Amino acid sequence: MEIFHTIEEIREYLASKHKSGSSIGLVPTMGYFHEGHQSLMRRARKDNDFVVVSLFVNPIQFGPKEDLRTYPRDLQRDARMAEEAGVDVIFNPSAEEMYPSSYCTYVEVTGLTDSLCGASRPGHFRGVTTVVSKLFNIVMPDRAYFGMKDYQQFKVVERMTLDMNLPIAVVGMPTFREPDGLAMSSRNSYLNPDERITALILSRSLAFAQDRLADGVSCASSLKSMVEQYIMSEPLASIDYVEIIDTDHLRSLAEIRDQALLALAVKIGKTRLIDNAILIK
Ligand code: AMP
């Protein structure tokens with residue numbers, strides 16, 4: 001496996017692959033890999049002749065009070081895990097490589113970014129769609145892989161790809177969980193042992209909501225209040241948002257007819273975690 005740090009190097013490496021008609025899969029990441037990341041890499045390995053993983057903690061998707069500085073990083077460990085998952089190339093540019101001082105172009109998706117993390121993290125998705133556009137242009141993959149744990153991100157990138165007529169298949173992958181149900185996340189490494197136990201409130205509240213829906217609670221605002229109360233019963237947990245919305249446009253719903261997305265952002269101590277599930281009636 002190769003690791004490239006510059007755009008020129010990776011472009012040069014990929015030129016012959018493009019020329020020979022090999023298919024290329026891209027997995028964009030911020031590193032500090034877990035099995036969730038590896039599940040995307042393995043799927044990319046299965047679908048493509050070449051697999052590129054980008055590893056870049058993208059500064060422009062972090063707010064001024066967020067954890068850019070402390071975000072966990074370990075390139076050596078990541079390289080081992082990527083190799084184990086069959087990755088051919090890691091692209092690991094510096095912030096200066098991606099955003100030189102002359103930089104002034106941004107990509108923005110409207111509407112879909114108004115709710116959930118778009119509302120609670122202003123500018124976040126502008127940062128995501130900008131970096132993903134750049135990565136798409138640098139790598140020119142046939143397929144790109146995103147986790148449904150970041151459901152809104154998946155929908156936003158899918159929309160951007162369609163709207164910009166990019167010839168790239170955006171593939172959404174299921175959320176990979178710890179055996180006790182906690183969605184895998186690089187940010188789980190911030191949790192102390194008590195917080196790690198408390199963090200189960202996220203996945204449990206998804207199951208709780210599915211059970212209440214099965215009991216007949218299909219009014220979205222009633223179900224949302226029940227989930228909020230359930231989460232607030234945990235003293236170490238504080239709610240950023242609980243939203244029940246439609247799975248395509250991410251707009252709020254009055255009544256759950258056949259299915260709905262329940263999306264959560266909850267702070268456990270200082271760590272903000274997200275999770276979601278599609279509730280089926
Ligand atoms: P990140 O490094 O957190 O930006 O994540 C890189 C990619 O991995 C994104 O598409 C995420 O949605 C995806 N991902 C993160 N956690 C998981 C998980 N537990 N299961 C599946 N995919 C995940």
Side-chain angles (χ1 to χ4, degrees), residues 25-47 51-63 66-68 70-75 77-79 81-82 85 87 90-93 95 98 112 116-118 121 124-136 139 141 143-161 168-191 196 199-200 202-203 206 261 263-266 271-278:
L26 170 66
V27 183
T29 80
M30 299 204 300
Y32 212 70
F33 295 149
H34 48 66
E35 287 171 77
H37 293 114
Q38 284 184 311
S39 70
L40 272 58
M41 298 173 199
R42 292 203 165 97
R43 172 65 189 273
R45 176 73 286 157
K46 215 159 87 109
D47 295 349
V51 179
V52 179
V53 168
S54 61
L55 195 168
F56 179 57
V57 183
N58 176 33
I60 67 165
Q61 73 185 65
F62 286 77
E66 294 181 358
D67 57 343
L68 171 62
T70 55
Y71 197 84
R73 292 162 169 91
D74 188 341
L75 180 59
R77 174 175 164 277
D78 284 350
M81 289 181 72
V87 169
I90 289 182
F91 176 51
N92 174 227
M98 293 296 270
L112 279 175
L116 311 180
C117 291
R121 303 181 67 187
H124 170 67
F125 283 116
R126 186 173 94 133
V128 169
T129 42
T130 299
V131 80
V132 170
S133 299
K134 287 172 68 69
L135 292 168
F136 281 3
V139 174
R143 300 179 189 86
Y145 298 82
F146 292 85
M148 302 283 234
K149 184 176 87 80
D150 300 276
Y151 187 89
Q152 188 178 21
Q153 170 173 277
F154 167 67
K155 295 305 278 187
V156 167
V157 169
E158 186 183 54
R159 187 76 251 161
M160 175 193 80
T161 308
I168 298 168
V170 175
V171 182
M173 294 290 293
T175 301
F176 211 91
R177 296 178 181 280
E178 299 286 355
D180 62 7
L182 179 67
M184 289 194 183
S185 165
S186 307
R187 290 190 170 98
N188 291 348
S189 64
Y190 295 145
L191 302 170
R196 173 65 183 76
L200 290 175
L202 281 94
S203 55
L206 300 175
L261 180 79
L264 313 171
V266 177
T271 304
R272 181 180 177 281
L273 300 177
I274 59 171
D275 203 348
N276 69 76
I278 294 180

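Please read all numbers here as calculations on a predicted model, not as lab measurements. The residues of the chain are indexed from 1 along the displayed sequence. Start at 1 and go down the list; that is how both ligands and their atoms are numbered.
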Legend entry - Contact (N/O only, under 3.5 Å) between F176 and ligand 1: yes
Inset, instruction - For M184, take its heavy atoms, then give the atoms of ligand 1 lying under 4.0 Å from any of them. - result: 16 (N), 17 (C), 18 (C), 19 (N)
Inset, instruction - Among all protein heavy atoms, pick the one closest to atom 23 (C) of ligand 1 and tell me residue, atom and distance. - result: G147 CA, 4.2 Å
Inset, instruction - For residues R272 and I274, determine if any side-chain heavy atom of one lies less than 4.5 Å from a side-chain heavy atom of the other. - result: yes
Legend entry - Closest contact, heavy atoms only, G118 versus Q152: N-OE1, 3.6 Å
Legend entry - Beyond-backbone contact of T70 with Y190, side-chain heavy atoms, under 4.5 angstrom: yes
Inset, instruction - Find all atoms of ligand 1 within a distance of less than 4.0 Å from any non-hydrogen atom belonging to F146, and give their numbers and elements. - result: 10 (O)
Legend entry - Closest contact, heavy atoms only, I168 versus P141: CG1-O, 3.3 Å
Inset, instruction - Kindly confirm or rule out an N or O of M30 lying under 3.5 angstrom from an N or O of ligand 1. - result: yes
Legend entry - Residue part near ligand 1, for H37, under 4.0 Å between non-hydrogen atoms: side chain
Legend entry - L40 N/O to ligand 1 N/O under 3.5 Å: no
Inset, instruction - Decide whether the shortest distance between a heavy atom of H34 and an atom of ligand 1 is less than 4.0 Å. - result: yes
Inset, instruction - Out of T29, D150, D275, indicate the one that has the non-hydrogen atom closest to atom 12 (O) of ligand 1. - result: D150
Inset, instruction - Give a yes or no answer on whether the side chain of D150 reaches the backbone of Q153 with a donor-acceptor pair at less than 3.5 Å. - result: no
Inset, instruction - Answer side chain, backbone, both or neither: which part of P174 comes under 4.0 Å from ligand 1, heavy atoms only. - result: backbone
Inset, instruction - Pick one of side chain, backbone, both or neither for how P28 approaches ligand 1, counting any non-hydrogen atom pair under 4.0 Å. - result: backbone
Legend entry - ligand 1 contact by Q153, heavy-atom criterion under 4.0 angstrom: yes
Legend entry - N/O donor-acceptor pair under 3.5 Å between D67 side chain and F62 backbone: no
Inset, instruction - Evaluate the side-chain proximity of L182 to L200: yes if any heavy-atom separation is below 4.5 Å, no if none is. - result: yes
Inset, instruction - For the pair K134 (side chain) and M98 (backbone), establish whether a donor and an acceptor sit closer than 3.5 Å, ignoring hydrogens and angles. - result: yes
Legend entry - Nearest atoms (heavy-atom pairs only) where A82 meets M41: CA-SD, 3.8 Å
Inset, instruction - Please verify whether a non-hydrogen atom of K149 lies at under 4.0 Å from ligand 1. - result: yes
